[in-house]
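Residue numbers count from 1 along this sequence. All values reported here derive from a predicted model rather than from experimental measurement.
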Amino acid sequence: MARKAAGRPPEETLSLWKREQALLKTLVVDRDTEAWQRDPAFSGLQRVGGVDVSFVKGDSVSACASLVVLSYPELEVMYEDCRMVSLTAPYVSGFLAFREVPFLVDAVQQLREKEPRLMPQVLFVDGNGVLHHRASSSSAPAGFGVACHLGVLTDLPCIGVAKKLLQVDGLENNALHKEKIRLLKAGGDSFPLMGGSGTVLGMALKSHDHSTKPLYVSVGHKMSLEAAVRLTHGCCKFRIPEPVRQADIRSRDYIRRTLGVQGAPALQPERSKKAQRPKACPQGVSEEPAVSCCVVNCSVKSTWQRTEPTCQSP
């Protein structure tokens with residue numbers, strides 16, 4: 001039986017989340033901070049990371065948090081860490097970070113402590129950065145999405161890459177927007193996402209020559225939009241940037257192997273579904289399973305202690 005968690009949090013919790021977002025938003029840096037970011041060829045960039053949280057279809061509690069690190073520019077996996085987690089915060093529109101980011105921060109911290117030489121110099125996140133409706137206002141339209149949240153808490157450059165347009169600040173997936181997409185001819189072509197306030201919140205990017213749908217790239221932390229778009233294009237073997245694609249592939253595979261299901265149906269993220277607090281673990285999965293944490297060709301296992309999904313200000 002699929003497990004669901006408690007519905008919408010009480011207003012007191014939502015108020016705390018809003019204050020947390022507003023506080024962390026003041027720490028976002030939306031400019032290039034590293035020398036390699038300003039180099040046209042990204043000279044000096046050697047490691048790019050990607051994160052993902054995947055669910056068993058029909059289960060909005062059990063999930064797999066994944067962190068991968070790839071070499072750049074080869075885009076070969078150097079490190080991967082997949083772990084089963086139990087989410088205790090439900091999905092609430094605009095507050096995805098409070099549901100998923102604590103597990104991703106933990107994965108980054110584990111890598112920082114155990115294999116600092118493999119720390120990524122930038123993280124790709126399947127989600128939005130400043131292209132977001134939380135913690136934004138008419139005077140400060142830039143928002144604070146999951147890529148900003150993760151970037152601030154890890155102090156790493158972060159890029160938000162979304163597959164669908166978040167319609168905020170007057171942005172709409174209307175006929176004009178679709179016509180602009182049609183005019184994107186080659187991989188690397190892009191156009192700015194300017195909101196009604198006049199602020200450019202991100203870029204629509206044709207990431208691959210054969211892609212028919214754009215990606216929506218926005219600043220997460222410690223990187224300019226121009227550099228974020230160029231690097232996103234440079235990391236795309238297919239439509240999705242390779243760090244995010246590999247994190248997704250490996251998290252889904254880890255779920256299949258952990259659950260021990262042969263020929264399991266396709267897994268898909270369930271971010272859009274409301275979750276309920278878990279009452280019991282599915283058969284074959286313990287509350288604190290072992291972590292599969294390995295540098296490629298060298299398996300290193302450890303025990304993961306569950307982290308509750310609450311974020312502390314840095």
Side-chain angles (χ1 to χ4, degrees), residues 1-9 50-68 77 80-107 124-128 145-147 149-150 160-166 211-213 215-216 238-293 304 306-309:
M1 178 182 295
R3 297 185 297 150
K4 305 292 180 183
R8 187 176 177 84
V51 294
D52 182 69
V53 176
S54 292
F55 294 80
V56 179
K57 187 175 182 180
D59 187 336
S60 54
V61 171
S62 296
C64 178
S66 174
L67 165 68
V68 298
V77 176
E80 67 175 280
D81 177 354
C82 296
R83 59 188 70 194
M84 294 302 296
V85 299
S86 292
L87 304 182
T88 56
Y91 171 79
V92 180
S93 178
F95 298 98
L96 175 65
F98 291 94
R99 189 180 190 221
E100 299 183 358
V101 160
F103 304 107
L104 302 177
V105 171
D106 185 56
F124 283 88
V125 182
D126 180 11
N128 292 291
V146 63
H149 209 128
L150 182 61
V161 182
K163 295 182 283 293
K164 294 183 179 180
L165 175 66
L166 189 61
S211 297
T212 58
K213 298 179 179 180
L215 294 176
Y216 297 99
F238 305 96
R239 181 193 175 211
I240 307 301
E242 200 64 11
V244 170
R245 197 176 80 91
Q246 287 297 328
D248 175 69
I249 289 171
R250 290 162 192 268
S251 62
R252 292 168 191 258
D253 180 64
Y254 186 75
I255 289 175
R256 283 189 284 268
R257 289 186 286 111
T258 301
L259 295 181
V261 179
Q262 296 297 323
L267 304 175
Q268 63 183 35
E270 302 247 342
R271 289 175 175 170
S272 62
K273 295 186 178 181
K274 305 251 172 156
Q276 296 205 355
R277 189 177 183 84
K279 295 181 179 178
C281 288
Q283 186 174 0
V285 181
S286 65
E287 292 249 348
E288 296 180 350
V291 175
S292 172
C293 175
W304 172 72
R306 180 172 29 166
T307 303
E308 295 298 325

Of the non-hydrogen atoms in A247 and G50, which two are nearest, and what is the gap between them? CB-O, 3.8 Å
If I take atom [atom1] from residue [X] and atom [atom2] from residue [Y], how far apart are they, to the nearest 0.5 angstrom?
X	Y	atom1	atom2	answer
L67	F103	CG	CZ	15.0 Å
K57	I255	NZ	CD1	13.5 Å
K164	N128	NZ	CG	12.5 Å

Using the side chain to side chain donor-acceptor pair (under 3.5 Å) rule, take S251 and S54 through it: C-alpha gap first, then chi angles, then the decisive distance, then the call. CA-CA 6 Å; S251 62; S54 292; 2.8 Å; yes
Measure from the side-chain N and O atoms of R83 to the backbone N and O of A65, and report whether any donor-acceptor pair falls under 3.5 Å. no
Side chain to side chain, [X] and [Y], heavy atoms closer than 4.5 Å:
X	Y	answer
I240	L215	yes
K213	R239	yes
D248	D126	no
H149	F98	yes
V244	V125	no
R250	V68	yes
R99	V92	no

Check against side-chain contact (heavy atoms from CB on, under 4.5 Å), D52 and Q246: CA-CA 9 Å; D52 182 69; Q246 287 297 328; over 6 Å; no
